[in-house]
There are 2 protein chains.
Amino acid sequence: MPDSGFSVAVDLVLLTIRESALHVLLVRRGVPPYRGQWALPGGFVMLDEDLDEAAVRELREETGVDASAAHLEQLASYGHPRRDPRGRVVSVAYLALMPDLPAPTAGSDAAQAAWRRIDEVNLKRLAFDHDRILADGVERARAKLEYTPLGAAFCTPEFTIAELRTVYETVWSTTLDPRNFHRKAITTDGFVEPTGRSTAGERGRPAQLFRRGQAKVLYPPLLRPPPA
Amino acid sequence: MPDSGFSVAVDLVLLTIRESALHVLLVRRGVPPYRGQWALPGGFVMLDEDLDEAAVRELREETGVDASAAHLEQLASYGHPRRDPRGRVVSVAYLALMPDLPAPTAGSDAAQAAWRRIDEVNLKRLAFDHDRILADGVERARAKLEYTPLGAAFCTPEFTIAELRTVYETVWSTTLDPRNFHRKAITTDGFVEPTGRSTAGERGRPAQLFRRGQAKVLYPPLLRPPPA
DNA sequence: GTAATAGTGTCTTTGAGACATTATCTA
DNA sequence: TAGATAATGTCTCAAAGACACTATTAC
């Protein structure tokens, strides 16, 4: 009775911040369909694999990134009957946030990979329905910064308050008052925790280093400036 | 190269409020596996069907509910290799919120359907991984009330502020100050909009009737009382 | 010293929490 | 009339926004 003719894929919206801009990792497809076009990295789920496992594996295989260095969460599933000309493919999209490591971004296949600025890539035509998946991923990331400490996922394990603030400013495309942000970061329970260490050798006064706090959710949240 | 041996199902977490308690619609399975056990309503996606379409269809077929009467959104996907003994089934779960219509809840199959109180059903063993799907659905509903006007999805098209407040109190298992809630509902842009009509024939002063506002998100949100 | 950046403090405004009072209906 | 429920108003407190100042480094 059940139709068993489905394939299941995972696609990754892998975001990072480099050169003060939000970037997504794209791969150029080396095989049809959409050969030569840019797409999100991804691949098919194997028959004995859980979805999360497949996402971790694809992250490693297609981008050379170890899952422990990134935050990874399920985003949503996309299953239009004709979204893939090869057949009936349901894609489970994952959102990954990571610091700007000098990651190889070396695709296992001959496909080339590249970080692209979010604000420039939206204009391009991505393969499949990946423009919509990307848009959903970016919006999820923006929303998550409001009520979780996950902004730190874009930073190295130890970071300064100013670095964390630029993450927020970059992802939200806004500017935030450094003093108010500092107060919010310090006083909100479980947002960041001090390491005791400081930066050195930089210009200006050394900054204290923090790591991500243990909170799952920020209370109260750190809301984006209203759209108006 | 892609494994095509997957089946894809949709499962529904259909929530409503009746008798001052949050209820979920469950069906008793008439066929193996898990015969005789309670499960979320759901079924397999057909090969020419989009995921959302399948969710709407299952909502109609398994519960007799028309999608226009409910709020329906994708929740998450579950794909452990052995979550279904019949084979490799990936389930795309949907969350549905609806008013307490005298819905037939008549399963198309011989399966019986029943509304169960959330606080009582958590103890029981549901089929498959449906206990986890249900928990995720309830948490999503609780969170959505904070920053969207979707609490109104539990109400009839026109409702009073007091009715909307009891929705929040029921879903969050808390009590809210009627006067503060009234102020919040009225002054938050796009939360509710007046119809001009009022209740009549009830005890006490008649209440104004409202319908759901147009806002996608509430700003500022209406936060749950802190867990502490 | 100067320039640069980090960190702290204060005032104001907005919004939520606590709570009293008035308004309008049914019985 | 009494009883019930709706709606509004006031005071207080917590937290965000705006903004000035002090602290600590490199040079």
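What you see is a predicted model, and the numbers here were worked out from it, not measured in a lab. A, B, ... follow the sequence lines: proteins, then strands. Residue 1 opens every chain.
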Residue-phosphate contact under 4.0 Å: [X] side-chain N/O, [N] OP1/OP2:
| X | N | value |
| --- | --- | --- |
| Gln208(A) | dA6(C) | no |
| Lys184(A) | dA16(D) | yes |
| His182(A) | dA6(C) | no |

Would you say the side-chain atoms of [X] pair up with the backbone N or O of [Y], donor to acceptor, closer than 3.5 Å?
| X | Y | answer |
| --- | --- | --- |
| Asp177(A) | Asn180(A) | yes |
| Ser91(B) | Val10(B) | no |
| Glu58(A) | Asp11(A) | no |

Note to self: Checking Asp136(A) against Tyr78(A): is there a side-chain donor and acceptor pair closer than 3.5 Å?
What the structure shows: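 Asp136(A) and Tyr78(A) do have a side-chain donor-acceptor pair below 3.5 Å.
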Give the rounded distance in Å between these two atoms: [atom1] of [X] and [atom2] of [N].
| X | N | atom1 | atom2 | answer |
| --- | --- | --- | --- | --- |
| Leu164(B) | dA6(D) | CG | P | 13 Å |
| Leu176(B) | dC19(C) | CG | P | 15 Å |
| Phe191(B) | dG15(C) | CZ | P | 15 Å |
| Glu163(A) | dT5(C) | CD | C1' | 13 Å |
| Asp189(B) | dG15(C) | CG | P | 11 Å |
| Phe181(A) | dA15(D) | CZ | P | 17 Å |

Set out, line by line, the N/O atom pairs under 3.5 Å between protein and nucleotides 22-27 of chain C.
from	atom 1	to	atom 2	distance (Å)
dA23(C)	O4'	Arg205(B)	NH1	3.4
dA23(C)	N3	Arg205(B)	NH1	3.4
dT24(C)	O2	Arg205(B)	N	3.3

Next item on the list: Quick one: closest heavy-atom pair of Leu164(A) and Ala152(A), and the distance?
Entry: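 Closest pair (atom of Leu164(A), atom of Ala152(A), distance): CD1-N, 3.7 Å.
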Next item on the list: Hey, could you give me the CZ/CZ distance between Phe159(B) and Arg212(B), rounded to the nearest 0.5 Å?
Entry: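 Reported to 0.5 Å precision, the distance equals 8.5 Å.
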Margin query: Quick check for you: to the nearest 0.5 Å, what is the distance between Asp52(B) atom CG and Glu73(B) atom CD?
Written below: 10.5 Å
Item checked: Parallel, tilted or perpendicular: ring planes of Trp172(B) versus Tyr168(B), cut at 30 and 60 degrees -> perpendicular
Under 3.5 Å between N/O atoms: give me all the protein pairs with nucleotides 17-19 of chain D, atom names plus distance.
from	atom 1	to	atom 2	distance (Å)
dG17(D)	N7	Arg183(A)	NH2	3.0
dG17(D)	O6	Arg183(A)	NH1	3.4
dA18(D)	N7	Asn180(A)	OD1	3.4
dA18(D)	N7	Asn180(A)	ND2	2.9
dA18(D)	N6	Asn180(A)	OD1	3.2
dC19(D)	N4	Arg179(A)	NE	3.4

Side-chain polar contacts of residues 198-209 of chain A - donor-acceptor pairs under 3.5 angstrom, sequence neighbours left out - could you list them?
from	atom 1	to	atom 2	distance (Å)
Thr199(A)	OG1	Ala207(A)	N	2.8
Thr199(A)	OG1	Ala207(A)	O	3.4

